[in-house]
2 protein chains.
Amino acid sequence: MPRPSQRDRILDAYTELVVTSGPETVTLEAVATAAGVSKGGLLYHFGSREALLEGLLERARGLNDDDLAAARAAPEGVAAYYLRTSVDEPVAGSPVYRATVALIKLATTEPRAAEATRRCLAGWRAALTEELGDPLSADLVAAVGDGIYLRAIVGDSSEGLGAAIDEVIRRTSPR
Amino acid sequence: MPRPSQRDRILDAYTELVVTSGPETVTLEAVATAAGVSKGGLLYHFGSREALLEGLLERARGLNDDDLAAARAAPEGVAAYYLRTSVDEPVAGSPVYRATVALIKLATTEPRAAEATRRCLAGWRAALTEELGDPLSADLVAAVGDGIYLRAIVGDSSEGLGAAIDEVIRRTSPR
DNA sequence: GTCTATACGCGGATAGAC
DNA sequence: GTCTATCCGCGTATAGAC
């Protein structure tokens, strides 16, 4: 896999369309146009719709792993990192975030996307447990973050929680 | 609207298929067969795919309103009710729960379903705020419940939280 | 009311030119 | 590598019989 810049542009377009319009409504034609190529051009890089999906899954997994590593190295800690980015990214829209939202939307239809999503969520839960010690605290923080994702997907924001991340972490810990 | 039993059977089938296979992959043919009628028969009751969706949305809204009323009247309280049912229903599978999951899955593609979902979530948040007083506590419990829904949708369970609902409520409250 | 038959359009995929 | 042209199958919706 050399450096197929065109492949990435196509995946970018696909991701973007899934995020905005939802899966299944996205046609190869639409992805190709958005990426600046023709349907035939797209199908040269990805032999089928299935292959295109697989490409997105692979990239989403990679981006998530990197993000998880960044969280582990973050001074604020994994918990604050996870909650903060969950709340902020809907606006900022980093590549990881977009890929993750696309993943979840695809998960409503594609079993492979659902599996990839579970893998991501499990990774965060593991890192949180590692950091917080108490499993319930970890599961709570994780669930709050997951809830924020669900809201983002249906078009709801979570500023209330975003403004009180430290307090949220304090409350979720054992008393 | 008299008592169109056939309409309901069709909506049941549609809901079930959306929950299991995801939206958009569900064809009118499949819904008709699952409901025990032909495509033509289905289209007599619902003039178009759009009308079928609208039917599901309407029913989901109604079921959710009823559930919200039940929660408000429940001795355990709204918070415990919301968390408990979120965790348990994936197994039990009540009509409200199925309708809600279908709603969320549809929300990834259909703006109207997204709006209906936001309306439902807002209703729970309002009831929780009313009961708990503190807005942050309410938002926290709501977010945890929402997170549990997200997990259910991607095929993850949340037994850990389900086994500690009282503790969850205790921790989310102000200290 | 419910069915069958059919028209119609669209999306995925292939073939082959450039 | 990328495009155009084309084929094929499927899903929605309509028409009309029963």
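Chain letters run A, B, ... following the sequence lines, proteins first and then strands; every chain starts at 1.
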- Item | Residues that Arg170(B) engages under side-chain hydrogen bond (donor to acceptor under 3.5 Å, both in side chains), provided they are two or more places apart | Glu167(B)
- Message: Among Arg98(A), Arg59(A), Arg7(A), exactly one meets salt bridge (Lys or Arg N to Asp or Glu O under 4.0 Å) together with Asp12(A). Which residue is that?
- Response: Arg59(A)
- Task: Can you run down the ring pair (Phe, Tyr, Trp, His ring centres under 6.0 Å) pairs that involve residues 153-172 of chain B, sequence neighbours left out, and say none if there aren't any?
- Result: none
- Task: Please list, chain by chain and in numerical order, all residues satisfying side-chain hydrogen bond (donor to acceptor under 3.5 Å, both in side chains) with Glu89(A), sequence neighbours excluded.
- Result: Ser94(A)
- Give, ordered by number, those residues of residues 36-43 of chain A having at least one heavy-atom distance below 4.0 Å to an atom of DNA chain D; if nothing qualifies, reply none. Val37(A), Ser38(A), Gly40(A), Gly41(A)
- Item | Nearest-Å distance for atom pair CG/P, residues Leu53(A) and dG11(C) | 18 Å
- Linking Ile, Leu, Val, Met, Phe, Trp and Tyr through side-chain heavy atoms less than 4.5 Å apart, which residues share a cluster with Leu63(A)? Val96(A)
- Query: Quick one: ring pair (Phe, Tyr, Trp, His ring centres under 6.0 Å) pairs with a partner in residues 61-80 of chain B, sequence neighbours left out?
  - Reply: none
- Message: Can you list everything that forms a side-chain hydrogen bond (donor to acceptor under 3.5 Å, both in side chains) with Glu131(B)? Sequence neighbours excluded, please.
- Response: none
- Task: Keeping to residues at least two apart or across chains, list the ring pair (Phe, Tyr, Trp, His ring centres under 6.0 Å) pairs with something in residues 47-79 of chain A.
- Result: none
- Message: Could you list the cluster mates of Leu106(B)? Members are the ILVMFWY residues connected by side-chain heavy atoms closer than 4.5 Å, either directly or through other members.
- Response: Ile10(B), Leu11(B), Tyr14(B), Leu17(B), Val18(B), Val26(B), Leu28(B), Val31(B), Val37(B), Leu42(B), Leu43(B), Phe46(B), Leu52(B), Leu53(B), Leu56(B), Leu57(B), Leu103(B)
- Message: Can you list, in residue-number order, the parts of residues 12-32 of chain B that come under 4.0 Å of DNA chain C, counting heavy atoms only?
- Response: none
- Could you list all the ring pair (Phe, Tyr, Trp, His ring centres under 6.0 Å) pairs where at least one residue sits in residues 96-138 of chain A, not counting sequence neighbours? Tyr82(A)-Trp124(A), Tyr97(A)-Tyr149(A)
- Along DNA chain D, 5' to 3', what are the outermost nucleotides having an atom less than 4.0 Å from a heavy atom of chain A? dG1(D) to dT4(D)
